[in-house]
Protein chains: 4
Amino acid sequence: MSTDPKTRKRRVNGEESRRKILDAAASVASERGYDGTSIALVSKACGLPASSIYWHFKDKDDLIAAVIERSFGTWLAAVNVPDGDSPRERIAEMSMQIASALLETPDFLRLGLMLALEKRPEEVRARTMFLSVRDEANRRIAATMRDFAPELSEHAVKLLTTYAISAADGLFVAKEIGGDDVDLISLFELHAHLVYDAALRLAAQSAAR
Amino acid sequence: MSTDPKTRKRRVNGEESRRKILDAAASVASERGYDGTSIALVSKACGLPASSIYWHFKDKDDLIAAVIERSFGTWLAAVNVPDGDSPRERIAEMSMQIASALLETPDFLRLGLMLALEKRPEEVRARTMFLSVRDEANRRIAATMRDFAPELSEHAVKLLTTYAISAADGLFVAKEIGGDDVDLISLFELHAHLVYDAALRLAAQSAAR
Amino acid sequence: MSTDPKTRKRRVNGEESRRKILDAAASVASERGYDGTSIALVSKACGLPASSIYWHFKDKDDLIAAVIERSFGTWLAAVNVPDGDSPRERIAEMSMQIASALLETPDFLRLGLMLALEKRPEEVRARTMFLSVRDEANRRIAATMRDFAPELSEHAVKLLTTYAISAADGLFVAKEIGGDDVDLISLFELHAHLVYDAALRLAAQSAAR
Amino acid sequence: MSTDPKTRKRRVNGEESRRKILDAAASVASERGYDGTSIALVSKACGLPASSIYWHFKDKDDLIAAVIERSFGTWLAAVNVPDGDSPRERIAEMSMQIASALLETPDFLRLGLMLALEKRPEEVRARTMFLSVRDEANRRIAATMRDFAPELSEHAVKLLTTYAISAADGLFVAKEIGGDDVDLISLFELHAHLVYDAALRLAAQSAAR
DNA sequence: AATGAATGAGGATTCATTCAT
DNA sequence: AATGAATGAATCCTCATTCAT
């Protein structure tokens, strides 16, 4: 940390502006989606004129892709595979981590799902960014799954992984819609339980063959 | 009701125009969401001038709400609770019906979820329409659930219902994203299975208390 | 001419607006070129809001192409090949017609030349329009030339035609630059004379071979 | 003049930057005209940030005027009045020089003509620069003309000079439009021939009076 | 029941330019 | 001598909506 106030003030200004813009864009976009996020709105929210946004980002697409990217970063940092403990406990622990990360920084998934559902002709970079980030998550979960139950066939791994992620998405959506009426923690607990049991059963079937 | 052929002709034409507009709006909106759906786009897609759209619908909001409403109608018609058979088979059967209805007419849920995720200040009628339609679905499923396992506590019913619907949403989203890579039928089969088992277990717990 | 004022007022309004826009665009564009012609400027000049311009024309390019097209029409109407008289007199007569048409409606050529000189990457429709219109003029003059001196080789016809048109362009530019200092009529007289003599000489050479 | 190597280094670098900017501006401006030449485009083409351009040039106008000035310099250097030989040969020789200078460095005239055709309210310095440069050319040619045929009336000198320059402009434009289809050399040969004959005839007429 | 035309507000983006370093 | 960042005005164009017919 530099102690020279002048250097810090000036040098960092560019990056600070960039950060302010990203913050503003994240909050606007996660509330109103891609189309609903106008540059004017972001400009108002961050205090910088619209033209300044274009100094930091090529275009709206670039801006929102950056929002997704950063948002995924913070999100990932909050989730880390625990080791030790029994498989059941590890899975429950991860499940809790994901649930609370979703409660704390929902921007990533909310905006991502909005983009994912849209199928406009011209592929939006932001959408691609979300999908690739999601693919990465997919691979990690599949790896954990194989690790934990090596007998599972590849087909079963894929089925379970897709189910695990999809249902989590759905629960998140329910929470977004239902607000405090929805007990996300309990739902994720149930979810972890069900997926764990399903994995055991499928592993047993595979082994039997 | 007038028998004057001219009047009838007009009315029939009017209804056909209305239908054409709804068709166009449904296809555009399910691809691009609320904001991405411009009247000009709908006009181009249905061949009628923009001003004609305003003869049939009060405003854009009204149009999209109508799309949701009609879309839900067709959708509901495809799903009907089967009777007879064992509970397990009935649940599996319903599950299949829902999965194939989603494959055939995905507009309803795709557009609905898009709207649900958006949180704009001015409540959009279309969104409200979707949410109320979804509440109705919720009630029906809860009723079925109580019917099938009366021992379940109200809390358990709510948890299971929410989980059942949410995961279905998530699976639908996965299918939308993944396309043919995703085997929606198998996923719903697994889903029905898991929810059924969970219901049994929770019912047993409730009974034990 | 309809005598019903209401019909005329309303029915024609669309076309009248279109005309007003074209008039305004012609005057602005011929003064400031393609880039200098902003829709806002045209809007101010014609009294209609910018968005109305887009009702009548697809985009700026379309608008300016239409200006060129119409402008060429009026221009062509003012020039018609005279018959009777000796070749020399006919050429002199045509030459005068062209000169005075240029003096009266210079928009066409001024804007056209501006566009022709620009070589931007994305071909502008307006430019293409001018070039095709110019090709047509080229063909007509070449035909007249062949008609009048059949002995001329094709090569000579092309050389003379190009020279005739090009020098006329140049004289027009000089007049645009120099204003009243430049006696366009005398210059065209001289030009006609020189081209005529050149044609005679080249025809004689061709015949001699 | 300082001998301090640092200062010299800077100055040399500075002049090289200036040159790079001018090169970039010349290429952009000769392709897209005054309005089409944005500082951002020039910046991209020369690799220096926009703000650096403003260190070397007061504003856009200044930059483009400098382009014209330098461009005219290189151009002039390529054309030098030959002495000795007969008048006819001297004119033919000059004509060839001009034609090949136009083929090699067309930027000057292309940009100049674009500017000349525009008539915007606020006089652009770059345009004035071109016009004054052109006036100078005019004077030189008139002087040559008087020198070569002293009997010519001032009126005839002016007419011939204007015609000579204008037609040359026109031929240049034709070459710009037509590309390789247009044989600029032959056209200039013809042009020189015609002007020469016209001068002879007018001189004879003047003498006769 | 339908439509051609119009319109003000707002969309994304680029403009020429400035300023502190 | 150079530059990263900022900025207000302007760019083209689309928006949802209205209105007279």
Side-chain angles (χ1 to χ4, degrees), chain A residues 6-7 9-11 13-18 35-43 48-61 63, chain B residues 6-7 9-18 35 37-43 48-61 63, chain C residues 6-7 9-11 13-18 35-43 48-61 63, chain D residues 6-7 9-18 35 37-43 48-61 63:
Chain A
K6 243 189 301 178
T7 304
K9 190 90 185 288
R10 300 299 175 184
R11 268 278 162 71
N13 253 353
E15 269 166 40
E16 192 181 314
S17 293
R18 200 189 132 95
D35 283 301
T37 302
S38 77
I39 298 294
L41 230 37
V42 175
S43 154
L48 291 166
S51 47
S52 290
I53 297 179
Y54 283 88
W55 170 260
H56 294 277
F57 301 93
K58 194 184 148 296
D59 53 20
K60 182 176 155 176
D61 210 10
L63 169 59
Chain B
K6 244 192 292 178
T7 304
K9 181 92 184 293
R10 266 196 203 137
R11 190 167 294 160
V12 168
N13 278 347
E15 264 161 46
E16 189 180 319
S17 291
R18 201 188 132 93
D35 282 302
T37 301
S38 77
I39 299 294
L41 230 38
V42 175
S43 156
L48 294 167
S51 46
S52 292
I53 297 178
Y54 280 86
W55 197 91
H56 291 278
F57 302 92
K58 191 183 151 295
D59 54 18
K60 180 176 155 177
D61 212 9
L63 169 60
Chain C
K6 243 190 299 178
T7 302
K9 191 89 182 290
R10 299 299 175 181
R11 268 280 162 67
N13 252 355
E15 270 166 40
E16 191 180 315
S17 292
R18 199 189 134 96
D35 283 301
T37 302
S38 77
I39 299 292
L41 231 37
V42 176
S43 155
L48 290 166
S51 47
S52 290
I53 297 178
Y54 285 90
W55 169 260
H56 293 277
F57 302 93
K58 192 184 151 296
D59 53 20
K60 182 176 155 177
D61 210 10
L63 169 60
Chain D
K6 246 193 292 179
T7 304
K9 181 91 185 293
R10 267 197 201 133
R11 190 168 291 160
V12 168
N13 278 347
E15 263 160 45
E16 189 182 317
S17 290
R18 201 188 132 93
D35 282 301
T37 301
S38 77
I39 299 294
L41 230 37
V42 175
S43 155
L48 294 168
S51 46
S52 292
I53 297 178
Y54 280 87
W55 196 92
H56 290 278
F57 302 93
K58 191 182 152 295
D59 54 18
K60 180 176 156 178
D61 211 8
L63 169 60

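Letters go in sequence order (proteins before strands), and every chain restarts at 1. Every value quoted in this text rests on a predicted model; they were computed, and no experiment measured them.
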Counting Watson-Crick and G-U wobble pairs only, both distances under 3.5 Å, name the nucleotide matched with [N], or none.
| N | result |
| --- | --- |
| E/dT17 | F/dA6 |
| F/dA1 | none |
| E/dA12 | F/dT11 |

Backbone of C/Ile39 reached by a side-chain donor or acceptor of C/Ser43 within 3.5 Å:
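No: the side chain of C/Ser43 does not pair with the backbone of C/Ile39.
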
Comparing C/Asp59 and A/His56 on DNA chain F - which has the more 5′ nearest nucleotide:
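Here A/His56 is the residue nearer the 5' end.
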
Whichever of C/Lys58 and A/Pro49 has its nearest DNA chain F nucleotide further upstream toward 5'
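Comparing both residues, the 5'-ward one is A/Pro49.
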
Could you tell me how far apart [X] ([atom1]) and [N] ([atom2]) are, to the nearest whole angstrom?
| X | N | atom1 | atom2 | answer |
| --- | --- | --- | --- | --- |
| C/Asn13 | E/dG4 | CG | P | 15 Å |
| A/Ile39 | F/dC15 | CD1 | P | 17 Å |
| B/Lys60 | F/dA16 | NZ | P | 4 Å |
| A/Leu48 | F/dA6 | CG | C1' | 8 Å |
| A/Asp35 | F/dT14 | CG | P | 15 Å |
| D/Tyr54 | F/dA1 | OH | P | 19 Å |
| C/Ile53 | F/dC12 | CD1 | P | 10 Å |
| A/Trp55 | E/dA12 | CH2 | C1' | 19 Å |

Kindly say if [X] contacts the phosphate of [N], meaning a side-chain N or O under 4.0 Å from OP1 or OP2.
| X | N | value |
| --- | --- | --- |
| D/Ser38 | E/dT14 | no |
| A/Ser17 | F/dA6 | yes |
| D/Ser52 | F/dT3 | yes |

For [X] and [Y], which heavy atoms make the closest approach, and how far apart are they?
| X | Y | value |
| --- | --- | --- |
| B/Tyr54 | B/Asp59 | CE2-CA, 3.9 Å |
| A/Gly14 | A/His56 | O-CE1, 3.2 Å |
| C/Ser17 | C/Leu48 | CB-CD1, 3.7 Å |

Return whichever of C/Ala50 or D/Ser51 has its heavy-atom-nearest nucleotide of DNA chain E closer to the 5' end.
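Comparing both residues, the 5'-ward one is C/Ala50.
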
5'-most contact on DNA chain E: A/Asp61 or C/Arg18, nearest heavy atom basis?
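First, find each residue's nearest nucleotide; the 5'-ward one identifies C/Arg18.
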
Atom CZ in A/Arg18, atom CH2 in A/Trp55: separation rounded to 0.5 Å?
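Rounded to the nearest 0.5 Å, the CZ-CH2 separation comes out at 13.0 Å.
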
Would you indicate what C/Thr37 reaches in the nucleic acid, counting non-hydrogen atoms under 4.0 angstrom: base, sugar-phosphate, or nothing?
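Sugar-phosphate: the residue C/Thr37, judged by heavy atoms under 4.0 Å, touches backbone atoms but no base.
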
